[in-house]
Amino acid sequence: MILSTLENPAGYRVVRHLGLVQGSTVRSKHLGRDIMAGLKEIVGGELRGYTELLNEAREEATARMRAAAVELGANAIISIRFGTANIGSGAAEVLAYGTAVELLADHAPS
Amino acid sequence: MSGPEPELPPGFQWLEFLENMADWEFLGWSFWFIGVLLAVLFNAVVLLLGAWLERRHDRELAAMEAATASVRVFTGRPPPGVTGEPRMVQTAIVMAPAPLGRFMLLVRRIVGGRVVTRQRDMQRTRRLALLRLREQARLAGAGVLAGVEFSQIGVGRGRFALLVTGTALVGSEPAPAPIVTEAMGAEPNRHRRELLIALAVLIIAAAVTTELDYLFDTYFGDLWKRWVFHVK
């Protein structure tokens with residue numbers, strides 16, 4: 001499946017619009033990670049535990065959005081956007097949404 | 001105000017102990033002075049360590065930039081004529097601000113003005129996010145990264161969290177000459193000057209605190225003990 005943040009990927013044309021698809025998740029890290037992040041915060045720099053948390057949340061939201069598109073019979077999702085929300089400290093919601101479409105390469109026979 | 005002094009019940013000898021607390025000494029220094037000294041030392045070590053880590057990170061970013069410079073980045077559609085198989089790339093980053101930035105923000109809250117160190121922290125987060133995205137595009141075999149978007153997330157106070165997405169056009173041509181974009185417009189690194197200002201503020205604050213304590217002890221030293229403990 002083609003995933004793109006662009007509205008019209010160059011070299012492809014949309015043959016069918018199937019509608020909005022979305023996927024979201026709320027994830028949190030365990031207390032140990034919170035404590036380690038608190039210690040790292042004293043000297044500054046990347047908080048890898050939280051980076052990991054967001055990356056996992058992002059992947060899960062994308063996978064759910066992709067599953068919704070597959071259910072609709074799409075072969076691509078275009079105009080993908082991400083929305084986020086802070087659910088208390090140490091937890092985050094990630095929402096992925098886009099338009100499920102059927103794409104065809106320009107050089108492919110219609 | 002006048003009247004009989006309340007009698008201390010037996011077993012309250014610790015009162016005398018507390019009454020003399022302000023006069024405790026260690027190596028000829030008062031406990032208050034030692035406390036201030038330890039606080040200054042701890043903060044100075046954290047500031048220096050933080051500045052060193054920030055500098056090291058800047059060098060890492062410069063090396064990453066050199067490795068991924070050929071990937072061209074666009075926020076909207078790619079330039080006309082650029083084609084390739086679209087593949088979504090994304091990354092998320094959570095950064096804690098450098099101690100120097102936190103300290104200078106406190107100073108700036110008093111005197112106002114632009115907090116350059118804090119601004120640099122945020123730029124560093126965006127640079128790193130973009131570089132990771134470019135690296136993903138490069139590994140996928142794309143020379144162009146289009147439709148790049150930033151979303152900011154709140155994960156705890158003071159932290160910078162970013163989610164960055166884009167579309168790598170696999171098979172598209174990379175830039176003929178290396179272009180470094182993330183470093184452009186970034187605040188120059190003036191660690192040394194800022195560190196000196198921060199350390200000077202720290203020492204002045206410690207000196208003022210110690211002096212105030214001395215003045216308080218000289219003029220009002222016994223007053224609070226009389227009020228609190230009814231000790232003559």
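Per chain, numbering begins at 1; letters A, B, ... match sequence-line order. These numbers were taken from a predicted model, which means no experiment stands behind them. For the numbers below, each heavy atom of this structure counts, side chains included, while hydrogens, waters and symmetry mates do not.
Using a 4.5 Å cut-off between heavy atoms, Glu85(B) contacts chain A through both its backbone and its side chain. In this structure, no portion of Ser79(A) lies under 4.5 Å from any heavy atom of chain B. Heavy atoms closer than 4.5 Å to chain A are found in the backbone of Arg87(B), but not in its side chain. For Arg132(B), the part lying under 4.5 angstrom from a heavy atom of chain A is the side chain only.
Ranked by heavy-atom pairs under 4.5 Å with chain A, the first of Thr91(B), Leu53(B), Val89(B), Ile93(B) is Thr91(B). Comparing Asn8(A), Thr62(A), Val94(A) by heavy-atom pairs within less than 4.5 Å of chain B, the highest count is held by Thr62(A). Of the listed residues (Glu149(B), Arg124(B), Arg102(B), Gln90(B)), the greatest number of heavy-atom pairs within a distance under 4.5 Å of chain A belongs to Gln90(B). Interface remark: of the candidates Arg81(A), Glu41(A), Glu59(A), Glu7(A), Glu41(A) forms the most heavy-atom pairs closer than 4.5 Å to chain B. Contact tally against chain B (heavy-atom pairs below 4.5 Å) for Pro9(A), Ala10(A), Gly11(A), Gly45(A): the top residue is Gly45(A).
The two residues Gly83(A) and Tyr97(A) come nearest to each other via the heavy atoms N-CE2, 4.3 Å. Nearest approach of Leu6(A) to Arg77(B), heavy atoms of both residues: CD2-CA, 4.1 Å. Nearest heavy-atom pair, Thr83(B) versus Ser172(B), reported as atom, atom and distance to 0.1 Å: O-CB, 3.5 Å.
Contacts of Val70(A) classified as side chain to side chain contact (heavy atoms under 4.5 Å, CB included), with partners at least two apart in sequence or in another chain: Met1(A).
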Going by atom type alone, with no hydrogens or angles, which donor-acceptor pairs under 3.5 Å involve a side-chain atom of residues 36-52 of chain B and a protein atom two or more places apart or on another chain?
| from | atom 1 | to | atom 2 | distance (Å) |
| --- | --- | --- | --- | --- |
| Asn43(B) | ND2 | Ala39(B) | O | 2.8 |

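Under a 3.5 Å cut-off, the side chain of Arg138(B) and the backbone N or O of Thr68(B) do not form any donor-acceptor pair.
Using a 4.0 Å cut-off between charged nitrogen and carboxylate oxygen, Glu60(A) and Arg64(A) count as a salt-bridge pair.
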